[in-house]
Amino acid sequence: MLVGVIKRGKYGERLLETIKARTDFQVVSVEVPEILPGFIEDPEEFVRDLNFDPQIFKADLLILYTFHPDLTPEIVRLAGKAHVKAVIIPGGIGRAGSIDELERIAEEYNIHIEVDEICCTLEECGVPAIDQFAEKLGKPELEVETEDGRISRVHVLRGSPCGATWHAASSILGKTVAEAPSLTGLFCQQYPCRAVRGGPGGIHTSGDLHKDAMERALGQETRLVLPEQSRPIKIEPGKRVRKSEG
């Protein structure tokens, strides 16, 4: 599978590193300027002037770290025209454009669009391009061994696209079973996680997802409920927008 990544400044760099280190996916990337105008009057002309490598639109799955409500829909539209099968937009709907506009693009070009506040909520959803990616990268999934009440081995079955899961897994070795879930969440956040801070969701959800992964691996009871803003928004051709329950 060919994964296309559109970077903006430091955002997208860790995903590229993780894909290359942890998967056998092929990857191609381009960049948008780190500093963008607050309002882009003519997104079509703006994207044309960026002169992207056309290889980016040959990807099976495109991941956009553009974080701009004018720019992002135009790039998704170009992806649809080029028959890209699916698009993932990190950063939440506020920086992705309007749901109505993305619904129109999905319908016109038969492209699946997923908007995630944070990429460690990503799971299989029945769309082959996303499912193949999410087998390896997305919502953390761990396999754990213990010895004398301590964590002796951690195998990452699926890790967060930024690589935080592998950092947490290596840091948790030797910790007690009792403290392992909360520390796994803490180590994820200390990576450092680049998700939004200062309110519900964001970095707090990232930590909770990693805590939940460790609890499940240890066979413990878990009560994870994603806050509303952290639930992935799935925009599918011919269907009304739905949010994952989580």
Side-chain angles (χ1 to χ4, degrees), residues 1-9 11-13 15-16 19 23 25-117 119 122-135 137-138 161 232-244:
M1 182 170 78
L2 178 62
V3 179
V5 179
I6 299 184
K7 297 170 47 186
R8 180 175 173 183
Y11 294 100
E13 290 177 355
L15 172 60
L16 289 169
I19 290 174
T23 79
F25 302 144
Q26 295 178 291
V27 64
V28 59
S29 67
V30 298
E31 294 187 50
V32 300
E34 184 172 3
I35 306 300
L36 292 169
F39 172 70
I40 299 175
E41 184 173 359
D42 189 341
E44 183 178 359
E45 180 182 1
F46 191 93
V47 174
R48 185 168 58 244
D49 290 345
L50 292 176
N51 196 28
F52 283 158
D53 179 348
Q55 186 72 13
I56 195 71
F57 293 117
K58 294 181 181 179
D60 300 294
L61 172 66
L62 189 61
I63 303 175
L64 278 65
Y65 286 90
T66 41
F67 301 141
H68 198 292
D70 299 321
L71 186 59
T72 301
E74 177 59 27
I75 295 175
V76 175
R77 184 176 289 107
L78 291 174
K81 287 181 178 179
H83 307 293
V84 174
K85 298 177 179 67
V87 172
I88 297 172
I89 306 171
I93 193 63
R95 296 190 283 182
S98 74
I99 288 178
D100 287 347
E101 183 175 16
L102 293 174
E103 281 184 322
R104 289 193 294 271
I105 294 169
E107 181 66 23
E108 182 174 358
Y109 298 106
N110 194 36
I111 185 171
H112 177 92
I113 303 167
E114 177 157 337
V115 182
D116 295 323
E117 185 203 29
C119 278
L122 184 70
E123 296 182 274
E124 293 94 336
C125 62
V127 177
I130 288 184
D131 289 356
Q132 189 174 348
F133 183 84
E135 284 180 8
L137 300 177
I233 299 171
K234 301 179 188 296
I235 302 172
E236 303 167 81
K239 297 182 181 179
R240 297 184 65 184
V241 165
R242 61 186 176 92
K243 280 197 173 187
S244 296

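Since we're looking at a predicted model, the values are computed, not measured.
For the atom pair Ile235 CD1 and Asp100 CG, the distance stands at 9.5 Å (nearest 0.5 Å). Taken to the nearest 0.5 Å, the CD atom of Glu114 stands 10.5 Å off from the CD1 atom of Ile63. Atom CD of Glu108 and atom CG of Asn110 lie 11.5 Å apart (nearest 0.5 Å). The OG1 atom of Thr66 sits 5.5 Å away from the CG atom of Leu71 when rounded to the nearest 0.5 Å.
Looking at residues two or more places apart in sequence or on another chain, you find no ring pair (Phe, Tyr, Trp, His ring centres under 6.0 Å) involving Tyr109. Evaluation of the side chain to side chain contact (heavy atoms under 4.5 Å, CB included) rule for Val27 yields Val5, Leu16, Ile19, Lys20 as partners, not counting sequence neighbours. Annotation: salt bridge (charged side-chain N to carboxylate O under 4.0 Å, His left out) contacts of Glu31 (sequence neighbours excluded): Lys7. Qualifying side chain to side chain contact (heavy atoms under 4.5 Å, CB included) partners for Phe67, counting only residues two or more places apart in sequence or in other chains: Arg8, Tyr11, Tyr65, Arg95.
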message = Pair Leu122, Phe133 - check side-chain contact (heavy atoms from CB on, under 4.5 Å), show working.
response = CA-CA 9 Å; Leu122 184 70; Phe133 183 84; 3.5 Å; yes
inquiry  = For Phe25 and Leu61: C-alpha separation, side-chain torsions, deciding distance, then whether side-chain contact (heavy atoms from CB on, under 4.5 Å) applies.
reply    = CA-CA 11 Å; Phe25 302 144; Leu61 172 66; over 6 Å; no
Under 3.5 Å, side-chain donor or acceptor atoms of residues 73-88 against the rest of the protein: list the pairs with distances, not counting sequence neighbours.
residue: Glu74; atom: OE1; partner: Arg77; partner atom: NH1; Å: 2.9
residue: Arg77; atom: NH2; partner: Glu101; partner atom: OE2; Å: 3.4
residue: Lys85; atom: NZ; partner: Asp60; partner atom: OD1; Å: 3.1

Under 3.5 Å, which donor-acceptor pairs do the side chains of residues 34-51 form with other protein atoms, sequence neighbours left out?
residue: Asp42; atom: OD1; partner: Glu44; partner atom: N; Å: 3.3
residue: Asp42; atom: OD1; partner: Glu45; partner atom: N; Å: 3.1

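In this structure, Asp116 contributes its side chain and Pro90 its backbone to no donor-acceptor pair below 3.5 Å.
A 4.5 Å side-chain heavy-atom check between Met1 and Gln26 finds every atom pair outside the cut-off. The closest side-chain heavy-atom distance from Cys125 to Asp131 is below 4.5 Å. The closest side-chain heavy-atom distance from Phe52 to Ile6 is below 4.5 Å. In this structure, the side chains of Thr72 and Leu102 stay at 4.5 Å or more apart for every pair of heavy atoms.
The two residues Ile56 and Ser29 make their nearest non-hydrogen contact at CD1-CA, 4.0 Å. Taking both residues in full, the closest heavy atoms of Ile130 and Glu123 are given as CG2-O, 4.0 Å, listed atom of the first, atom of the second, then distance.
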